[in-house]
Amino acid sequence: MTTYPVGLARDLPNGRVMRAGVDGVDMVVWRDSRGTLAAWGNRCPHRGMRLSHGFVRGDRLACLYHGWQYDASGQCRYIPAHPDLNPPESIRTVSYHAAETGGVIWVSLSEGPEPPEMPADFEPLRTVFVTASEAAVTAAASRTGLEGPPAKETAPGVFDIARRRIILFCNPAGPERTEVHSLIEPGASSEEKRLASRWCEAVRRTAEASERAAA
Amino acid sequence: MSLEYAQNDWYAVGFTGDMSDGTERQSALLGRKITVGGPGHSPWVRDENGADLPVQVRYNHVWTAIGPEPRRLFDIAEADEPDRRFVPCGAVKVLCSPLRAVENFLDIAHFPFVHTDILGAEPHTEVSPYRVEIREDVDEVWATQIGFYQPQAAKSATEAITTKYEYRVPAPTSAVLYKTCPPRPEAWDVIAIFVQPFDEDVCVVWPWMALIDETTAYGDLVHFQQEIFLQDRSILENQIPARLPLDPKMEIPTRSDLTSVVYRRWLKRKGAFYGALTHAA
Amino acid sequence: MNFTLYNYVLSGNCYKIRLMAALLGAKYENVAVDFYPGYEHRSDKMLALNPAGTLPVLQAGSLVLTETQAMLTWLAKNFDPTDSWFPTQDPERLAEIVEWLGFSNRLTQSAGIARLHDMLNWPVDGDAAKTAAIHDLRAIELRLMDRVFEGGLWLAGDTPTIADIACFPYVALSPDAGIEHDGYPAIRNWLYAVRALPGFITMPGIHYLHELNESASA
């Protein structure tokens, strides 16, 4: 049992909702208006609507279909069709475990697994979804450069490119799908981040080309 | 899933208005390939082997059946009223079970959230108790005594009204709605969907209307209904499981869902399982 | 300045103009053209107005416009007292806006066509359109990430322009063709910002931001 990187904390502001896939489980990850993070099964128990299409009001996530509202613990608190009804306790979402460290959001299916040790002060770079295996992505990262030699992997998942260190966190989403979330070392200028972003793009191109060639 | 029940229903597979002599369209029905050909006034439908399937033209659509004993196609009396305007709205493909498409059509609690400022608006979200029954003489599900506050009930509506609704399900994949007709409150406007199952997870929906409205331009009538149906499409494509669960433990209804509860019970009773999930798997 | 819009409710291109007009508070006469299933855009009357047979068409007096890019510039120049939606003084910013107007045409051909294929069974190459749409979405994501690194949000400069409105519809509607926004966080954020603009109106496939609804009771 492990914990998976599903996104960069910067990309999920307060009051916002995103979809995540963890170990084959479709999830909704969201923050209430004060920033509290939660991860649930991506399904409203009413009529099965994906909660990742929902909206946040205060400390509740509402389903887009009929507006049913759930509090942070996953308990249904309000059903608009019956405004005076106190929803039975049995109406709740399936809860998972979300945490954020080092600017990355981590989700696990059960309590226990801790996110890895994160370097202090690294900044969020970007998220790319790659249609290639995790192995293809890491191989591509070591083969891809930007107007110069390819990146050097100086530690597992840590790549030096254009004199800046970038860390890649991979969430394997299938045999040919990898979600890659990257951080960049502190002090990088916006121009350096633009270059690093293009390096990520080039890594994606290389990984996907090699996946297609292997097919 | 067994076709035993589904094969003997009639399904809309084309709209006569856009079929001419040489029209020939590839389509699918209940997992089988079919070809639908024109002209619209005397269309044909053939199965994957080129054999002719039975055809009838009704409600501006071409209907066919693949089974050995097709049931009688249901009747909508308003289709024969000369002062109505008939508005076929074309076909929309949706990645969902045909039964999910019908159930969504029968639901009103979603109006304020999905058809915002048209068929409903917050804070007018409460659904008052209404009546649902299976009319045994015709073997149809009927929901009556429904009322809902609507900012714009129809193109012909000039202000917000509390619309009266009745729903009727004459076959598992067709549904008819009777709603307050703003220009003539003693009559009903009729809106229907005829759902063509490509297979259990993909369908094509053919909305159709029989309206009393002498003033609205035809294009506006089509747009109004298409707007509403297409608002539902992104909901339908995001319901899990894709197939309609008939086991009551899988999804949690409330009183406002009475029509869907009875619809699911009726499907189970008939053995109309195509597009359904029958076990909490 | 009165104008008439020949419009189809499900068209992303028509929506560009409906949306821009709503954001500017510009009123117009709406003519509902039965694009599907009536193919009315190909009628003699419509072809006389626009030989290209496309929608939307904008008519203001003797002026007839058939390209959405032109309509967006005309609306901005006629209805925007702040002159912020289509600023023309700074040549670089102007060029950036026009570049995105050009890009918006690619989106119509990629994401727009993929959507017509999946939704209305249009007889086109859906797979090719989807591949092109993903390519275009990645290009926008890359550019929006550049903006994030600069502390910005909008496609061309620090305030929304017609560049954003031109590109918004077919990006927002890509899920209609099965292309979800999950892998594009910068696009998600940008779409949200457009939807939060005062006067924003939706179209089928794009939902209201119910979280911003002040008349909700709970």
Side-chain angles (χ1 to χ4, degrees), chain A residues 17-30 39-58 60-71 73-96, chain B residues 95-97 99-116 120-130 146 148-149 231-245 247-261 263-264 276-277 280:
Chain A
V17 186
M18 61 178 269
R19 188 173 166 195
V22 167
D23 205 7
V25 178
D26 188 14
M27 292 197 192
V28 57
V29 177
W30 65 285
W40 297 340
N42 195 5
R43 187 177 176 271
C44 177
H46 178 208
R47 286 287 180 261
M49 178 67 189
R50 284 202 165 94
L51 288 169
S52 54
H53 284 71
F55 54 98
V56 176
R57 282 196 182 147
R60 298 187 189 163
L61 177 64
C63 179
L64 180 63
Y65 198 177
H66 304 90
W68 287 25
Q69 294 183 10
Y70 298 87
D71 68 20
S73 72
Q75 177 70 53
C76 181
R77 288 290 178 202
Y78 180 69
I79 293 177
H82 307 291
D84 299 327
L85 175 71
N86 211 9
E89 263 190 52
S90 56
I91 307 182
R92 47 172 37 254
T93 61
V94 176
S95 290
Y96 297 105
Chain B
L95 300 178
C96 74
S97 156
L99 308 179
R100 285 272 199 208
V102 168
E103 194 178 79
N104 164 269
F105 185 81
L106 303 172
D107 177 84
I108 59 172
H110 72 284
F111 288 169
F113 300 98
V114 181
H115 307 299
T116 311
E122 292 183 273
H124 310 277
T125 58
E126 184 162 13
V127 177
S128 310
Y130 58 91
I146 300 166
F148 206 71
Y149 173 87
Q231 287 172 333
D232 286 314
R233 186 173 179 270
S234 58
I235 301 289
L236 290 170
E237 295 201 335
N238 283 288
Q239 281 181 279
I240 306 158
R243 295 183 193 175
L244 190 75
D247 180 335
K249 286 196 288 296
M250 283 198 68
E251 293 186 347
I252 305 176
T254 66
R255 267 199 320 271
S256 62
D257 300 308
L258 193 54
T259 313
S260 103
V261 169
Y263 172 62
R264 293 185 185 196
L277 262 189

For [X], is it the side chain, the backbone, both or neither that has a heavy atom under 4.5 Å from a heavy atom of chain A?
X: Glu237(B); answer: backbone
X: Arg255(B); answer: both
X: Ser234(B); answer: backbone
X: Pro112(B); answer: neither

Q.
Measuring only between side-chain heavy atoms, which start at C-beta, is Tyr96(A) closer than 4.5 Å to Val22(A)?
A. no

Examine whether an atom of [X] lies under 4.5 Å from a heavy atom of chain B, and if so say whether it belongs to the side chain, the backbone or both; otherwise answer neither.
X: Asp26(A); answer: side chain
X: His46(A); answer: both
X: Ser52(A); answer: neither
X: Arg47(A); answer: both

Q) Are any side-chain N or O atoms of Tyr78(A) and backbone N or O atoms of Ala62(A), one a donor and one an acceptor, separated by less than 3.5 Å? A) no

(Q) For chain A, which candidate among Ile240(B), Asn104(B), Ile235(B), Ile108(B) shows the most heavy-atom pairs at distances under 4.5 Å? (A) Ile240(B)

Q) Do you know the tightest heavy-atom contact between Pro245(B) and Arg264(B)? A)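 Taking Pro245(B) first and Arg264(B) second, the nearest heavy atoms are O-NH1, 3.0 Å.
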
